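Read the numbers this way: they start at 1 and go in the same order the structure lists the ligands and their atoms. The first residue of the sequence shown is numbered 1, and numbering continues consecutively from there. A quick note: this is a predicted structure, and the numbers were derived from the prediction, not measured.
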Amino acid sequence: MSSPDITDLERQAVLDVLNTPILSIGPRIQAFEEAVAHYAGTKHAVSVSSGTAGLHLCIHAANVSDNDFVLTTPFSFVASSNAILFERAIPIFVDVDPITGNIDPTLVEEVVSDLMSGVESAKKWLPRKGWNIENGAQPIPLKAIIPVDVFGQPADMDPITSVANKYQIPVIEDSCEAIGAEYHDRKAGTLGDMGIFAFYPNKQMTTGEGGIIITNDDAAAEKMRALRNQGRVQGDTWLSHKFLGYNYRIDEMSAALGEVQLSRIDELLEKRDRVANWYNERLANITGIEIPTIVDSTTRMSWFVYVVRFENHVNRDKLINSLREQGIPARPYFSPIHLQPYMVDRFGYQPGDFPITEVLGSQGLALPYSGVMTEEQVDYVCDTLINSIR
Ligand SMILES: *Cc1c(COP(=O)(O)O)cnc(C)c1O
């Protein structure tokens, strides 16, 4: 489905680390963090072992815990919701904009205002079961909002941060799919109080496994640095631990790889732009297929995946099989989070609860995509797709 873009520069950087005795907690991690903070224009960058680990630490830094509520989107990769469950808090899902697949800001404003008015007006937004509001708390404890920049297009963040600021609710921007994207000329990941980039090999840039949190919040950054390193704070020795922490550290080889990838980020994003444009040109006027829409607020798209939508008369499953028989992998994208078996068990969700998410989930198909694809490969995918649809 995808392929990383690795050159001799990356290979040499990793090899250079392996020629030293320092494979973790060393100079490459520090340099990588400085480079990411400089790129994003934030005070802090805290590297971690995955995007999911980054989300989890942000949840901690926002003081989310038992029976708290966090508002987020059901149209995402599961990690953005799982991080809420890790701390025994309850996700409140809000449906998405049908064009971008990003959380609907108008609904966010409405839900937040209803939650702030107390349990009775909040109830219609809460899951059928699986939550417990202590002593009928008023307003209900909404501790964070997690918008996701889906497929590399920033969420409509201004109305979201404005309602969040009004009630002093931290905003954690899941930019794991959107490094380099811009919203009204501001960088994705910097639009809330904390943001996360992820570096799994299918992302725009990779460290193998890895992720990084960016923030201007000194206290949050310090807490997250401690929590990723077994709860040690600055000055603690190897066996003294102020907090219950984790091992969420990235290693030196990965950080060295990340430094080189980040130094090539404009090139990487341009190559991805080129491949997305090849797809757009070939698929723009095909009956039954809708190509991705970039909205005006997205002043720079950072293509993460190339997802087309099919009109209802197209049988997606048959199409996937037909593509597979001709050597082309393709995947439905995303599968709604609220309908994952563990979410249904725990919160009683049913089909129909988030209709736009479900429609997008049933119509979307991710095609093979990466910055190293050739025009001939895109031709082959598109020709095969078009013939199969007819
Ligand atoms: C990739 C991704 C993550 C984090 O992924 P890791 O594999 O843990 O690095 C989180 N949220 C979204 C939306 C993602 O696409």
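At least one donor-acceptor pair closer than 3.5 Å links the side chain of Ser80 to the backbone N or O of Phe77.
Judged by distance alone, the side chains of Glu87 and His56 do bring a donor and an acceptor atom under 3.5 Å apart. Remark: the Asn277 side chain and the Arg274 side chain contain no N/O donor-acceptor pair separated by less than 3.5 Å.
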Write 'none' if nothing qualifies; otherwise put on separate lines each N/O atom of ligand 1 with a protein N/O atom under 3.5 Å away and their distance to 0.1 Å.
{"unit_1": "ligand 1", "atom_1": "8 (O)", "unit_2": "Gly51", "atom_2": "N", "d": "3.4"}
{"unit_1": "ligand 1", "atom_1": "8 (O)", "unit_2": "Thr52", "atom_2": "N", "d": "2.9"}
{"unit_1": "ligand 1", "atom_1": "8 (O)", "unit_2": "Thr52", "atom_2": "OG1", "d": "2.5"}
{"unit_1": "ligand 1", "atom_1": "9 (O)", "unit_2": "Gly51", "atom_2": "N", "d": "2.8"}
{"unit_1": "ligand 1", "atom_1": "11 (N)", "unit_2": "Asp174", "atom_2": "OD1", "d": "3.4"}
{"unit_1": "ligand 1", "atom_1": "11 (N)", "unit_2": "Asp174", "atom_2": "OD2", "d": "2.8"}
{"unit_1": "ligand 1", "atom_1": "15 (O)", "unit_2": "Glu177", "atom_2": "OE2", "d": "2.6"}
{"unit_1": "ligand 1", "atom_1": "15 (O)", "unit_2": "Lys203", "atom_2": "NZ", "d": "2.9"}

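Sorted by first and then second residue, the salt bridge (charged side-chain N to carboxylate O under 4.0 Å, His left out) pairs with a member in residues 364-381 read Arg282-Glu375, Arg282-Asp379; sequence neighbours excluded. Applying the salt bridge (charged side-chain N to carboxylate O under 4.0 Å, His left out) test to pairs two or more places apart or on separate chains, those with a residue in residues 244-263 are Arg28-Glu259.
Contacts of Arg225 classified as salt bridge (charged side-chain N to carboxylate O under 4.0 Å, His left out), with partners at least two apart in sequence or in another chain: Glu33.
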